[in-house]
Amino acid sequence: GNLELVRLMSLFAVNGFQLNASQLNDDWFENEPNQSELSSWLNQIAVKFGKPFPSVNRDSGKPAELARILAQMIYGDTYADTILSESDINYQLSFDDANEIPKERRADVAILMRDGYFTIYPDLTLKPNKAFSRGKMLRLIEQIYAKKKWMPLLQNGVTDASANGNLLIKSGKTSRTLQVRADVF
């Protein structure tokens, strides 16, 4: 059911994102990332923005804390200059459980809502006290990378069957040989 997320996680994993699963399945995507995964994923974003690695704790996957981390990375110290008035914040936070967002994080969540990074659930809530699932985190990272034009590119090629653990990949007029592990499907 999450085939596109499997492809996305695979693409991110070969580009430095931590993957702690022997098998990707629907349950894995629906669960929240562990602290190590979340730290790795946020560190990868920090590297792209040229920012220091964020301090990650067990609450870092929850919307309010995640908003603080991401707003600092995406907008830097000057994001207040985007002129979010109190009425702008109230407008962006006009969902059912917005009152659960701490006052000091309301602007962070609002700016991420405004720019489409955060979205509410179909029941018109953000669930501020529930950490994002791995799937939701991956879609968020994909959005950030797509908006910044950082998405890693896939390479296309044609190959014959592997022989002696080698795979000859032809792309246009060039070809290259890749060594393939015996346990790769």
Side-chain angles (χ1 to χ4, degrees), residues 2 5-6 8-9 11-13 15-22 24-82 84-86 88-148 150:
N2 286 303
L5 285 175
V6 171
L8 180 62
M9 185 64 234
L11 180 62
F12 284 153
N15 284 282
F17 284 74
Q18 181 177 347
L19 174 60
N20 289 340
S22 59
L24 300 178
N25 57 35
D26 291 338
D27 289 338
W28 188 84
F29 288 109
E30 291 168 12
N31 291 327
E32 63 184 68
N34 62 44
Q35 192 170 334
S36 177
E37 289 170 322
L38 192 58
S39 180
S40 167
W41 299 356
L42 291 173
N43 288 350
Q44 290 296 324
I45 296 171
V47 166
K48 288 293 201 178
F49 279 108
K51 302 284 184 179
F53 290 169
S55 175
V56 175
N57 59 45
R58 61 184 177 87
D59 290 332
S60 297
K62 294 179 180 178
E65 181 62 17
L66 186 58
R68 179 192 65 78
I69 293 168
L70 291 177
Q72 186 65 39
M73 282 191 220
I74 295 169
Y75 306 105
D77 296 327
T78 61
Y79 82 90
D81 295 341
T82 61
L84 275 181
S85 68
E86 192 61 33
D88 291 333
I89 293 170
N90 290 334
Y91 175 77
Q92 294 299 329
L93 302 183
S94 59
F95 44 85
D96 290 347
D97 55 358
N99 60 334
E100 295 177 29
I101 298 170
K103 182 176 172 67
E104 65 275 7
R105 296 288 160 250
R106 290 176 57 80
D108 297 334
V109 173
I111 198 165
L112 293 168
M113 294 286 295
R114 182 198 71 184
D115 292 348
Y117 292 112
F118 279 13
T119 57
I120 57 175
Y121 290 93
D123 66 354
L124 303 178
T125 62
L126 181 65
K127 300 181 185 357
N129 297 312
K130 181 183 179 209
F132 281 5
S133 67
R134 286 184 181 103
K136 191 161 175 124
M137 279 298 301
L138 290 171
R139 286 185 193 100
L140 173 62
I141 295 167
E142 179 184 31
Q143 254 187 309
I144 293 169
Y145 272 50
K147 283 187 179 187
K148 296 294 184 180
W150 293 337

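All values below come from the heavy atoms of this structure, side chains included, with hydrogens, waters and symmetry mates left out. The residues of the chain are indexed from 1 along the displayed sequence.
The two residues V56 and Q35 make their nearest non-hydrogen contact at O-NE2, 3.0 Å. A pairwise comparison of heavy atoms in I69 and S55 identifies CD1-O, 4.3 Å as the closest pair. Of all the heavy atoms in V109 and P63, the pair that sits closest is CG2-O, 4.2 Å. Minimum interatomic distance between P33 and S133 (heavy atoms only, all atoms of both residues): CD-C, 3.9 Å. Nearest heavy-atom pair across F95 and L126 is CE1-CB, 3.5 Å. Listed here is the closest heavy atom pair of G61 and L66: O-CD2, 4.4 Å.
Judged as a side chain to side chain contact (heavy atoms under 4.5 Å, CB included), and not counting sequence neighbours, the contacts of K62 are D59, A131. With sequence neighbours left out, D27 forms a salt bridge (charged side-chain N to carboxylate O under 4.0 Å, His left out) with no residue at all. Scored by the salt bridge (charged side-chain N to carboxylate O under 4.0 Å, His left out) test, E65 finds R68 as partners (sequence neighbours excluded). Every residue two or more places apart in sequence or in another chain that forms a side-chain hydrogen bond (donor to acceptor under 3.5 Å, both in side chains) with D26 is listed here: N2. A search for side chain to side chain contact (heavy atoms under 4.5 Å, CB included) contacts involving F49 returns I45, K51, M73, I74, I144, K148, W150, not counting sequence neighbours. For S36, the side chain to side chain contact (heavy atoms under 4.5 Å, CB included) partners two or more places apart in sequence, or in a different chain, are Q18, N20, N34. For N129, the side-chain hydrogen bond (donor to acceptor under 3.5 Å, both in side chains) criterion is met by E100, not counting sequence neighbours. A search for side-chain hydrogen bond (donor to acceptor under 3.5 Å, both in side chains) contacts involving D115 returns Y75, not counting sequence neighbours.
Between Y91 and R114 the shortest side-chain heavy-atom distance does not fall below 4.5 Å. Using a 4.5 Å heavy-atom threshold, the side chains of S39 and N43 count as touching. No side-chain heavy atom of L24 sits under 4.5 Å from any side-chain heavy atom of L5. Between R106 and L93 the shortest side-chain heavy-atom distance falls below 4.5 Å.
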For the pair V6 and F29, evaluate side-chain contact (heavy atoms from CB on, under 4.5 Å) and give the outcome as yes or no after the intermediate values. CA-CA 9 Å; V6 171; F29 288 109; 3.6 Å; yes
Could you go through residues 134-141 and list every donor-acceptor pair under 3.5 Å that involves a side-chain atom there, pairing it with any protein atom two or more places apart or in another chain?
from	atom 1	to	atom 2	distance (Å)
R134	NE	E37	OE1	2.9
R134	NE	E37	OE2	3.4
R134	NH1	W28	O	3.0
R134	NH2	E37	OE1	3.0
K136	NZ	T119	O	3.2

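Shown here is K130, whose NZ atom has no more than 12 heavy atoms of other residues, nucleotides or ligands within 6.0 Å.
Using a 3.5 Å distance cut-off with no hydrogens or angles, the side chains of D88 and S85 do pair a donor with an acceptor.
With hydrogens and angles disregarded, a donor-acceptor distance shorter than 3.5 Å links the side chain of D97 to the backbone of K127.
For the atom pair CD1 of I120 and CE of M113, the computed distance is 5.5 Å after rounding to the nearest 0.5 Å. Taking CG of L70 as the start and CG of L42 as the end, the distance is 6.0 Å to the nearest 0.5 Å.
Counting only residues at least two apart or in different chains, ring pair (Phe, Tyr, Trp, His ring centres under 6.0 Å) contacts with residues 97-142 comprise F118-F132.
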